[in-house]
Structure formats: structure tokens, C-alpha cells
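These notes are about the structure you will find just below.
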Amino acid sequence: MAEKIGRGLDHLIEQNTTELEFLSAYGSGAIESEIDGNSLLDAVARFLKAGKVRMESSDKQITFSFGSATMTDKGLLIQCNGDNLPLVDSDLTQVGFVEGTLSKDKSSVSVIMQNWDYEQRRFIERLVEYLN
């Protein structure tokens, strides 16, 4: 009889195998799928252009008056400077962000974006509205 229960449990697990990516919201926020740095860079460039931000770009980097976006192996490194940035530490721990740091006086921020979703668009939008 114990053998029958074991097969039943295995069968149940097979039937209910699920992707649980949403659990990353409770961890470091890392995205485990492959990151397309070119697409992230292009998305940020389009977003900045729509916000009328003057910028210069190359194959791997965008520079603008209040910072830069640079492709790295881990994703797109965003670095910005300004007085009293409109951010809090929890902004940098959302899903799709890793290795985020906000200076104590809120004059600089550095974070790697691994995704282009609502949280990332809102992050860039807040910086553009405040610093541009």
C-alpha cells in the first residue's frame, strides 16, 4: 500500500508542475532567464527620447545630463546623480533590479536592470520627471 501512495504523490507532482518566477519578488529580484542588453538599452533610449532627454549613445552605452546606462554581463547598469533623488531603497529591490545602491543623501543611485517592465519604466520615468 505504501508503494501506491508514492506513485500517487509522484503523479500529483507531475500534474501540478508550475513555473514559480513570482517568488523572485521575495528574494533578490534577479531574473533567471537570459538578459538581452541590447533590447534594454534600446528601450531606455526610446523612453528617454520620448521624455525629451538629450543623450548621446554608442553600441553599449547611453549618456545623458544626469547619468548613464551601460550594458554589462548582468544587465543594464543605470547610474544617475542629482539632489535628493525621488527614490527609496525598496525601489531598487523590485523584480528585475539587482545590485541597487542609493547614497544616504540620495544624491546618486546605481542599479542593474534585468527586465523592462512596469517597475523599470516607472523608475526611469520618475528620474526623468525629476531631473530633466
Side-chain angles (χ1 to χ4, degrees):
M1 186 164 185
E3 187 177 320
K4 192 172 186 177
I5 292 173
R7 274 188 274 135
L9 179 59
D10 289 341
H11 182 68
L12 183 62
I13 290 171
E14 272 181 40
Q15 281 184 321
N16 294 297
T17 301
T18 306
E19 295 287 327
L20 299 175
E21 287 186 25
F22 70 90
L23 290 176
S24 67
Y26 300 101
S28 67
I31 304 293
E32 291 187 18
S33 61
E34 191 171 318
I35 298 159
D36 184 358
N38 286 323
S39 293
L40 288 172
L41 191 66
D42 290 344
V44 170
R46 284 191 308 272
F47 203 81
L48 292 173
K49 185 177 180 181
K52 300 186 185 336
V53 175
R54 289 185 193 170
M55 63 183 159
E56 293 182 20
S57 61
S58 67
D59 290 344
K60 300 202 180 267
Q61 183 176 38
I62 301 169
T63 56
F64 38 93
S65 62
F66 53 91
S68 65
T70 308
M71 286 193 321
T72 71
D73 291 340
K74 293 181 180 181
L76 191 64
L77 173 64
I78 305 292
Q79 297 174 306
C80 296
N81 299 300
D83 294 328
N84 199 25
L85 295 174
L87 302 170
V88 294
D89 289 327
S90 63
D91 291 326
L92 309 176
T93 59
Q94 300 291 325
V95 173
F97 290 117
V98 294
E99 299 181 14
T101 57
L102 178 63
S103 64
K104 287 186 180 191
D105 65 355
K106 295 187 176 186
S107 65
S108 65
V109 65
S110 173
V111 67
I112 296 175
M113 288 185 358
Q114 295 185 324
N115 196 12
W116 184 250
D117 208 349
Y118 175 78
E119 290 86 4
Q120 290 74 34
R121 286 190 300 269
R122 183 65 187 132
F123 176 82
I124 298 295
E125 181 180 43
R126 285 167 58 196
L127 292 171
V128 168
E129 286 174 355
Y130 187 77
L131 297 169
N132 194 32

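We count residues from 1, following the sequence as given.
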From [X] [atom1] over to [Y] [atom2], what is the distance, rounded to the nearest 0.5 angstrom?
{"X": "Ile112", "Y": "Leu92", "atom1": "CD1", "atom2": "CG", "value": "11.5 Å"}
{"X": "Asn115", "Y": "Leu40", "atom1": "CG", "atom2": "CG", "value": "7.5 Å"}
{"X": "Met55", "Y": "Thr63", "atom1": "CE", "atom2": "OG1", "value": "9.5 Å"}

Assess the residue pair Met113 and Phe97 against the criterion (side chain to side chain contact (heavy atoms under 4.5 Å, CB included)); give the C-alpha distance rounded to whole Å, side-chain angles, the decisive distance to 0.1 Å, and a yes or no. CA-CA 5 Å; Met113 288 185 358; Phe97 290 117; 3.4 Å; yes

For residues 117-132, dump all side-chain donor-acceptor pairs below 3.5 Å to protein atoms at least two apart in sequence or in another chain.
{"unit_1": "Gln120", "atom_1": "OE1", "unit_2": "Asp117", "atom_2": "N", "d": "2.9"}
{"unit_1": "Gln120", "atom_1": "NE2", "unit_2": "Val95", "atom_2": "O", "d": "2.9"}
{"unit_1": "Arg122", "atom_1": "NH1", "unit_2": "Glu125", "atom_2": "OE1", "d": "2.9"}
{"unit_1": "Arg126", "atom_1": "NE", "unit_2": "Pro86", "atom_2": "O", "d": "3.4"}
{"unit_1": "Arg126", "atom_1": "NH1", "unit_2": "Asp91", "atom_2": "OD1", "d": "3.2"}
{"unit_1": "Arg126", "atom_1": "NH1", "unit_2": "Asp91", "atom_2": "OD2", "d": "3.4"}
{"unit_1": "Arg126", "atom_1": "NH2", "unit_2": "Pro86", "atom_2": "O", "d": "2.4"}
{"unit_1": "Arg126", "atom_1": "NH2", "unit_2": "Asp91", "atom_2": "OD2", "d": "3.0"}
{"unit_1": "Tyr130", "atom_1": "OH", "unit_2": "Asp83", "atom_2": "O", "d": "2.9"}
{"unit_1": "Tyr130", "atom_1": "OH", "unit_2": "Asn84", "atom_2": "O", "d": "3.0"}
{"unit_1": "Asn132", "atom_1": "ND2", "unit_2": "Gly51", "atom_2": "O", "d": "3.2"}
{"unit_1": "Asn132", "atom_1": "ND2", "unit_2": "Lys52", "atom_2": "O", "d": "3.4"}

Check whether any side-chain heavy atom of Arg54 sits under 4.5 Å from a side-chain heavy atom of Phe64, and report yes or no.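 When only atoms from C-beta onward are counted, Phe64 and Arg54 do not touch, as no gap falls below 4.5 Å.
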
Can you pull the ring-ring contact (aromatic ring centres under 6.0 Å, His included) pairs that have at least one residue in residues 71-91, sequence neighbours excluded?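 Checked against ring-ring contact (aromatic ring centres under 6.0 Å, His included) - neighbours excluded - no pair reaches residues 71-91.
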
Contacts table for residues 66-78: side-chain donor-acceptor under 3.5 angstrom, sequence neighbours left out:
{"unit_1": "Thr70", "atom_1": "OG1", "unit_2": "Gln61", "atom_2": "NE2", "d": "3.0"}
{"unit_1": "Thr72", "atom_1": "OG1", "unit_2": "Lys74", "atom_2": "N", "d": "3.2"}
{"unit_1": "Thr72", "atom_1": "OG1", "unit_2": "Gly75", "atom_2": "N", "d": "3.2"}
{"unit_1": "Thr72", "atom_1": "OG1", "unit_2": "Gly75", "atom_2": "O", "d": "2.9"}
{"unit_1": "Lys74", "atom_1": "NZ", "unit_2": "Glu99", "atom_2": "OE2", "d": "2.3"}

At their closest point, which heavy atom of [X] faces which heavy atom of [Y], and how far apart are they?
{"X": "Val111", "Y": "Gly100", "answer": "CG2-CA, 3.7 Å"}
{"X": "Ser58", "Y": "Leu41", "answer": "O-CD2, 4.2 Å"}
{"X": "Ser110", "Y": "Gln79", "answer": "OG-CG, 3.9 Å"}

